[in-house]
Peer 1: 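Okay, handing you the structure first.
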Amino acid sequence: MTKVRTRIAPSPTGDPHVGTAYIALFNLCFARQHGGEFILRIEDTDQLRSTRESEQQIFDALRWLGIEWNEGPDVGGPHGPYRQSERGAIYKKYSDELVAKGHAFPCFCSAERLDQVRAEQMAKKETPRYDGHCMHLAPDEAQQRIAAGESHVVRMKVPSEGVCVVPDMLRGDVEIPWDRMDMQVLMKADGLPTYFLANVVDDHLMEITHVLRGEEWLPSAPKLIKLYEYFGWEQPKLCYMPLLRNPDKSKLSKRKNPTCITFYERMGFMPEALLNYLGRMGWSMPDEREKFSLAEMIEHFDLSRVSLGGPIFDIEKLSWLNGQWLRELPVEQFAQRVQDWAFNPQYLMQIAPHVQQRVETFSDIAPLGSFFFSGGVQLDPALLAHKKLSPDQVRQALQLVLWELEALRQWDKEKITGCIQFVCEGLGLKLRDLMPLIFPAITGKASSVSVLDAMEILGADLSRFRLRQAVELLGGVSNGESKEWKKLLESFR
């Protein structure tokens with residue numbers, strides 16, 4: 001019998017997401033329950049946004065939760081390399097094979113032409129898709145244009161009629177019409193593959209037997225199935241997991257819920273509790289008990305117990321479950337966990353130099369530096385009143401700073417200052433105009449230690465969370481404002 005092999009393939013383009021951990025957990029449990037192997041590979045073909053810092057954060061966050069892999073970029077294995085950016089020659093070989101077999105073709109269309117075609121299709125209320133303009137170019141002409149250095153991509157051919165039957169382990173056979181499918185780009189102009197080609201090639205070469213992924217990928221499944229058919233490969237069994245939802249049933253997003261795994265670590269959640277909670281997202285133990293360990297989940301794991309209703313990720317319920325785990329710890333372990341969380345020498349030594357210069361007695365430390373040991377802060381809106389800026393301008397300035405900080409991958413005082421300075425210059429303000437707003441948003445106080453030093457010590461997750469809290473306290477940001485302000489922010493560049 002073929003050994004079960006599953007995988008998770010995150011993109012290192014941002015903070016490690018709880019949705020990644022959720023999918024990783026179910027892949028891990030399925031593989032382990034069947035005595036199989038779980039693989040981690042990195043989808044880093046987006047060269048502009050992918051970073052090694054983000055990759056390391058993914059490794060650290062998953063390991064903090066207790067998720068380990070048999071093969072991956074950091075542990076090696078017989079099917080490497082496990083970073084897609086290091087597999088370029090492999091993808092080129094298979095892309096060339098598809099072109100040679102007539103299943104794909106070079107496309108020389110400019111972005112302007114593609115935009116025009118899509119605009120015309122939308123005006124006619126047609127599904128926007130590639131119109132096949134380059135599909136019938138003579139191979140010799142295409143090769144001459146490539147040899148001349150003309151920019152091009154490689155697109156796959158897809159049927160325009162009929163339906164594709166997608167066998168889903170949760171839903172059974174799902175029929176998706178081919179006329180909804182575009183002629184997918186497989187190789188980009190920079191010579192790197194898109195998700196679709198890299199995914200199929202990697203899953204085949206890494207001998208993946210089962211693919212458990214988010215249901216947002218179900219509508220594009222026919223393109224993956226067609227690629228397996230073109231190559232003549234057996235496709236892995238497919239399972240499309242229900243998406244995590246906010247309490248209002250919308251797709252889980254950082255605008256409504258903290259989504260970064262390390263946020264929960266910094267807030268003082270136990271990794272066992274978060275993993276337990278993610279395991280309850282759309283799945284239940286046979287005896288329906290709420291609290292269970294990873295080992296217990298693996299022992300009892302069965303995909304037939306996955307519910308298709310969108311699981312609700314609710315921090316209040318997570319907090320309740322975390323409380324169950326905390327209270328069942330022996331008191332010595334509880335004390336040790338508290339120390340490990342925030343009262344360890346490494347963290348205290350970062351804080352001590354800033355606090356030492358501002359206290360007269362040790363008992364002054366708690367009121368001065370309590371925000372270093374909090375999740376959110378109790379913020380009085382009066383502290384965000386500004387002499388020069390209206391309440392709406394205050395809200396806008398804080399949101400622009402938040403967006404800049406959300407894009408920051410290297411979290412240090414200099415980079416944090418640069419983000420705030422950038423927004424100040426764009427808005428025609430001085431740093432001294434904006435810092436009195438940042439200060440209470442981060443510390444909850446009118447005065448304390450240097451707020452820029454505090455942000456570096458607190459880290460990205462808590463700093464962003466507190467700024468988000470401040471913006472929400474002032475009324476939040478509407479969808480219309482969000483679009484308008486993001487354009488404004490881009491105009492500063």
Side-chain angles (χ1 to χ4, degrees), residues 14-29 61-62 64-67 170 212-216 240-294 296-297 300-301 303 305-329 337 341 374-379 402 406 460-462 464-473 475-477 479:
D15 298 326
H17 199 284
V18 290
T20 300
Y22 159 67
I23 296 296
L25 172 62
F26 279 79
N27 275 281
L28 174 71
C29 288
L62 292 178
W64 173 74
L65 281 170
I67 293 174
L170 294 182
L212 284 67
R213 56 160 69 94
E215 66 185 352
E216 74 266 37
Y240 291 90
M241 297 291 296
L243 289 179
L244 299 184
R245 302 280 174 185
N246 294 309
D248 66 1
K249 304 293 179 71
S250 60
K251 181 181 174 182
L252 188 66
S253 66
K254 64 187 175 189
R255 277 190 70 186
K256 297 182 180 179
N257 243 327
T259 57
C260 179
I261 299 167
T262 47
F263 165 81
Y264 294 94
E265 181 181 5
R266 292 291 286 114
M267 286 289 283
F269 285 86
M270 288 177 61
E272 299 95 328
L274 179 54
L275 205 63
N276 180 176
Y277 189 65
L278 290 172
R280 294 187 62 245
M281 294 287 99
W283 185 83
S284 59
M285 291 285 278
D287 60 3
E288 301 288 338
R289 69 180 181 269
E290 303 255 20
K291 182 176 176 288
F292 50 83
S293 67
L294 175 58
E296 289 169 324
M297 182 173 176
H300 296 283
F301 190 73
L303 274 178
R305 297 194 63 80
V306 172
S307 166
L308 288 177
I312 302 298
F313 190 94
D314 185 333
I315 291 187
E316 287 186 20
K317 288 185 180 176
L318 169 59
S319 298
W320 171 85
L321 184 60
N322 195 70
Q324 305 298 306
W325 278 89
L326 281 177
R327 283 186 283 281
E328 289 187 18
L329 288 172
R337 290 287 190 114
W341 167 62
S374 300
V377 292
Q378 294 297 316
L379 180 58
L402 175 57
E406 283 176 344
D461 295 303
L462 289 187
R464 292 166 182 161
F465 175 65
R466 291 180 188 181
L467 281 169
R468 207 171 289 123
Q469 279 191 317
V471 172
E472 290 302 316
L473 184 67
V477 180
N479 289 334

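We use all heavy atoms of the structure for the numbers below, so side chains are in, but hydrogens, waters and symmetry mates are not.
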Peer 1: Run the salt-bridge test on Arg245 and Glu215 with the 4.0 Å N-O cut-off and return the result as yes or no.
Peer 2: yes
Peer 1: What distance do Leu243 atom CG and Glu216 atom CD have between them, rounded to the nearest 0.5 Å?
Peer 2: 4.5 Å
Peer 1: About how many Å separate CD of Glu288 and CZ of Arg280, when rounded to the nearest 0.5 Å?
Peer 2: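 So the gap between those two atoms works out to 9.5 Å.
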Peer 1: Enumerate donor-acceptor pairs with a distance under 3.5 Å from any side-chain N or O in residues 308-320 to protein atoms, sequence neighbours excluded.
Peer 2:
unit_1, atom_1, unit_2, atom_2, d
Asp314, OD1, Glu316, N, 2.9
Ser319, OG, Ile315, O, 2.9

Peer 1: Over all heavy atoms of both residues, which pair between Trp341 and Met267 is shortest? Give the atoms and the distance, please.
Peer 2: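 What the structure gives for the nearest pair is NE1-C, 3.9 Å.
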Peer 1: If you look at every heavy atom in Leu379 and Ala470, which pair is closest and at what distance?
Peer 2: CD2-CB, 3.9 Å
Peer 1: For a 4.5 angstrom cut-off between non-hydrogen side-chain atoms, does Met285 reach Glu296?
Peer 2: yes
Peer 1: How far does OH of Tyr22 sit from CG of Asn27, to the nearest 0.5 angstrom?
Peer 2: 11.0 Å
Peer 1: Is the closest side-chain heavy-atom distance between His300 and Phe292 below 4.5 Å?
Peer 2: no
Peer 1: Find out whether Cys29 and Leu294 are in side-chain contact, i.e. whether some heavy atom of one side chain is under 4.5 Å from a heavy atom of the other.
Peer 2: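 Yes, their side chains come closer than 4.5 Å.
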Peer 1: Where do His17 and Ile261 come nearest, in terms of heavy atoms and distance?
Peer 2: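 Residues His17 and Ile261, closest heavy atoms: O-CD1, 3.5 Å.
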Peer 1: Tell me, do Trp325 and Pro271 make a side-chain contact under 4.5 Å, heavy atoms counted?
Peer 2: no
Peer 1: Does the pair Phe269 and Phe263 meet the rule for a ring-ring contact (aromatic ring centres under 6.0 Å, His included), with working shown?
Peer 2: CA-CA 9 Å; Phe269 285 86; Phe263 165 81; 7.5 Å; no
Peer 1: For Asp461 and Cys260, which heavy atoms make the closest approach, and how far apart are they?
Peer 2: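 For Asp461 and Cys260, the tightest heavy-atom pair comes out as OD1-SG, 3.0 Å.
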Peer 1: With a 4.5 Å cut-off on side-chain heavy atoms, are Met297 and Trp283 touching?
Peer 2: yes
Peer 1: Evaluate the side-chain proximity of Leu65 to Leu25: yes if any heavy-atom separation is below 4.5 Å, no if none is.
Peer 2: no
Peer 1: When you measure from the side chain of Asn276 to the backbone of Asn322, do you find a donor-acceptor pair of N or O atoms at a distance under 3.5 Å?
Peer 2: no
Peer 1: Starting at CG of Leu402, measure out to CD of Glu406 and round the result to the nearest 0.5 Å.
Peer 2: 4.0 Å
Peer 1: Under a 4.0 Å threshold between the charged nitrogen and the carboxylate oxygen, would Glu272 count as salt-bridged to Lys291?
Peer 2: no
Peer 1: Determine the minimum heavy-atom distance between Leu62 and Ala21, stating which atoms define it.
Peer 2: CD2-CA, 4.0 Å
Peer 1: Nearest 0.5 Å, please: how far is CZ in Arg305 from CG in Leu303?
Peer 2: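 Between atom CG of Leu303 and atom CZ of Arg305 there are 12.0 Å.
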Peer 1: Less than 4.5 Å apart, side chain to side chain, heavy atoms only: is that true for Val306 and Phe26?
Peer 2: yes
Peer 1: Closest approach of Val377 and Gln469, non-hydrogen atoms and distance?
Peer 2: N-OE1, 3.6 Å
Peer 1: Output, in order, the C-alpha distance, side-chain angles, deciding distance and verdict of side-chain contact (heavy atoms from CB on, under 4.5 Å) for Leu274 and Trp64.
Peer 2: CA-CA 10 Å; Leu274 179 54; Trp64 173 74; 4.0 Å; yes
Peer 1: Heavy atoms, side chains only, cut-off 4.5 Å: are Thr259 and Leu244 in contact?
Peer 2: no
Peer 1: Any chance you could lay out the side-chain contact (heavy atoms from CB on, under 4.5 Å) test for Leu170 and Met241, step after step, and finish with the verdict?
Peer 2: CA-CA 8 Å; Leu170 294 182; Met241 297 291 296; 4.2 Å; yes
Peer 1: So, the side chain of Asn246 versus the backbone of Asp248: is there a donor-acceptor pair under 3.5 Å, distance only?
Peer 2: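 No: the side chain of Asn246 does not pair with the backbone of Asp248.
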